[in-house]
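Reading through the structure tokens given below for one structure.
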Amino acid sequence: MDFFQLGQNGYGNAYYAAGVRSMADSWHNFFFVSFDPGGFVTVDKPPLGFWLQTLSTKIFGFTPFSIFFPQALCGVLAVWLLYRLVTRHFGAVAGLVAALVLAVTPISVVTNRNNTIDGTLALVLLLAAWAVIHAAESGKLRWLLLSAVFVGLGFNVKMAEAYLVVPALGLTYLLCAPRKVWTRVWHLLLALVVMFALSLSWALAVDLTPASMRPYVGSTQDNSELSLAFGYNGLNRLHIGGNGFGGGRARPNTTTPTTPPRTSTGSQSAVSYRRAAASAAGTPTPPATNREFQGGNGAGQFAGAPGGGQNNDAGPFGCLGLTWVGRSAGCYLLR
């Protein structure tokens, strides 16, 4: 189901597809996840999922299939991994049922056949569950740290949404590992350090780079990946705090944010969503026009942007044994 006629519905989310096209143009755009070829503004997500999509386009060419291929592959691997996890403790029949449910759940199929990177996140969190199950059975620290690494990678797929599974993973080790209580506690504290260090490594690298040497962080009002992670892609996803933590896209009754000063030369000054989206779709590039940032869409959005003002409010679904943690929204339907 994940691979059947993959890519027949076009490029999926044009906003992310345009970003992948731009990332394939240069290492600078690739590292900073630049939305546009000129490196003016970033997409509103961290890099790992889009790095995989960009590498796929380098291998297979820039097509809908190549963009969707990493998510479809992750979806298939997630089904296989869930089967192995459940079979290990509950038998083959339970494993087949769990795998079948994951394989045919509509939102799972949709995201595995699109470029919204939820399928990639699901696989990474399943790997975290696999590692923590081994840690809980053996009490070995290395398995717990491996689980923390996978959660950190998940953070670099969809930021703070990856942390939804952390309480379940931590409690599993705390209650089940064959170690003394205080040993389990300091193991968990060390795992948290590893998780946060890996989670924030790319965001800190971006924030520590002078603003003049990198794109503006999209969907923020303060040009910070950290505020994007814990604001728009963190607390705002739980409907906590509105736009007060680092900004975000449109919310009712919000004030117009201040446009960040930016100077550029040549074609960079004419970059817009319209031009990058046209480039992604392989259509003739429309005439360049300078655009002002619009308050309704946040400082990281241009007027007339594909998907501008939308709230892709879908979180990840993680797994521990038979448990899924997550929430999904209809805005991930293929367009």
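Quick caveat: nothing in here was measured; it's all calculated off a predicted structure. The first residue in the sequence is number 1, and the count goes up from there.
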- Message: Strictly distance-based, threshold 3.5 Å: is any side-chain N or O of Arg113 a donor or acceptor partner for the main-chain N or O of Ala72?
- Response: no

- Message: Before you tell me yes or no, could you show the steps for Lys45 and Glu161 under salt bridge (Lys or Arg N to Asp or Glu O under 4.0 Å), namely the whole-Å CA-CA distance, both residues' side-chain angles and the distance that decides it to 0.1 Å?
- Response: CA-CA 11 Å; Lys45 293 294 184 290; Glu161 295 176 35; 5.6 Å; no

- Query: Are the side chains of Phe35 and Asp44 in touch, meaning some heavy atoms are under 4.5 Å apart?
  - Reply: no

- Are the side chain of Asn156 and the backbone N or O of Leu198 linked by a donor-acceptor pair below 3.5 Å? yes

- Query: Is a donor on one side and an acceptor on the other found under 3.5 Å between the side chain of Asp36 and the backbone of Ser22?
  - Reply: no

- Item | pair Leu226-Leu204: side-chain heavy atoms closer than 4.5 Å | yes

- So, do Asn115 and Val20 sit near enough that their side-chain heavy atoms are less than 4.5 Å apart? no

- Query: Are Arg184 and Tyr173 in a cation-pi setup, meaning NZ or CZ lies under 6.0 angstrom from the ring centre and within 45 degrees of the ring axis?
  - Reply: no

- Task: State, to 0.1 Å, how close Asn223 and Thr220 come at their nearest heavy-atom pair, and which atoms those are.
- Result: N-OG1, 3.1 Å

- Note on the structure: What one should report as the nearest heavy-atom pair of Pro46 and Phe50 is O-CD1, 3.5 Å

- Item | Shared hydrophobic cluster for Leu189 and Leu169 (ILVMFWY, side-chain gaps under 4.5 Å) | yes

- Task: Taking Thr42 for its side chain and Val33 for its backbone only, find out whether a donor-acceptor pair lies under 3.5 Å.
- Result: no

- Ala128 and Ser147: which non-hydrogen atoms are nearest, and at how many Å? O-OG, 2.9 Å

- Min side-chain heavy-atom separation Gln71-Asp118 under 4.5 Å: no

- Query: Do you know the tightest heavy-atom contact between Leu121 and Ala162?
  - Reply: CD1-CB, 3.9 Å

- Message: Between Arg21 and Asn29, do the side chains contain a donor N or O and an acceptor N or O under 3.5 Å apart?
- Response: no

- Message: As an exercise, state the distance from CG of Leu82 to CG of Leu123, rounded to the nearest 0.5 Å.
- Response: 11.0 Å

- Query: To the nearest 0.5 Å, what is the distance between CD1 (Ile117) and NZ (Lys158)?
  - Reply: 5.5 Å

- Decide yes or no for Met23 and Trp51: does some side-chain heavy atom of the first lie under 4.5 Å from some side-chain heavy atom of the second? yes

- Task: Verify, without hydrogens or angle tests, whether Thr105 (side chain) and Ile107 (backbone) share a donor-acceptor contact under 3.5 angstrom.
- Result: no

- Note on the structure: Between Val166 and Val151 the two heavy atoms that sit nearest each other are CG2-CG1, 3.9 Å

- Query: Can you get from Leu77 to Tyr83 by hopping between Ile, Leu, Val, Met, Phe, Trp and Tyr side chains that sit under 4.5 Å apart?
  - Reply: no

- Item | Joint hydrophobic cluster, Leu52 plus Phe32, side-chain heavy atoms closer than 4.5 Å | no

- Decide whether Asp207 and Ser224 meet the rule of one side-chain donor and one side-chain acceptor closer than 3.5 Å. yes

- Note on the structure: Minimal heavy-atom distance between Pro215 and Ser34, with the atoms involved, is CG-CB, 4.1 Å

- Task: Indicate if Met195 and Val185 have the same hydrophobic cluster label, given that clusters are the connected sets of ILVMFWY residues with side-chain heavy-atom separations under 4.5 angstrom.
- Result: yes

- Validation row: His28, Met213 side chains within 4.5 angstrom (heavy atoms): no

- Take Tyr163 and Ser199 through the side-chain hydrogen bond (donor to acceptor under 3.5 Å, both in side chains) test and state the conclusion after the steps. CA-CA 10 Å; Tyr163 288 169; Ser199 296; 2.8 Å; yes

- Task: Give the ring-plane orientation class for Phe62 versus Tyr11, where under 30° counts as parallel, over 60° as perpendicular and anything between as tilted.
- Result: parallel

- Query: Are any non-hydrogen side-chain atoms of Phe196 and Val193 less than 4.5 angstrom apart?
  - Reply: no

- Task: Could you check whether the rings of Phe30 and Trp27 sit parallel, tilted or perpendicular, using 30° and 60° as the cut-offs?
- Result: perpendicular

- Message: So does Glu137 get a backbone contact from the side chain of Trp143, meaning a donor-acceptor N/O pair under 3.5 Å?
- Response: no

- Any donor-acceptor pair under 3.5 Å from Ser66 side chain to Gly61 backbone: yes

- Would you say Glu225's side chain and Val206's backbone share a donor-acceptor pair under 3.5 angstrom? no

- Item | Cluster overlap Phe155 with Leu192, hydrophobic side-chain contacts below 4.5 Å | yes

- Evaluate side-chain contact (heavy atoms from CB on, under 4.5 Å) for Leu188 paired with Leu144, printing each intermediate quantity in order. CA-CA 8 Å; Leu188 287 170; Leu144 184 64; 4.0 Å; yes

- Query: Should Trp130 and Leu146 be marked as a side-chain contact (heavy atoms from CB on, under 4.5 Å) after you check the CA-CA gap, both sets of side-chain angles, and the distance that decides it?
  - Reply: CA-CA 10 Å; Trp130 165 75; Leu146 181 60; 3.9 Å; yes

- Just do the side-chain contact (heavy atoms from CB on, under 4.5 Å) check on His134 and Arg142 with the steps written out, would you? CA-CA 10 Å; His134 280 282; Arg142 65 174 178 267; over 6 Å; no

- Item | Separation of Phe60 CZ from Ile67 CD1 (nearest 0.5 Å) | 13.0 Å

- Are any of the side-chain heavy atoms of Leu125 and Phe150 separated by less than 4.5 Å? no

- Task: Kindly say whether Ser108 contributes a backbone atom to a donor-acceptor pair with the side chain of Asn112 at under 3.5 angstrom?
- Result: yes

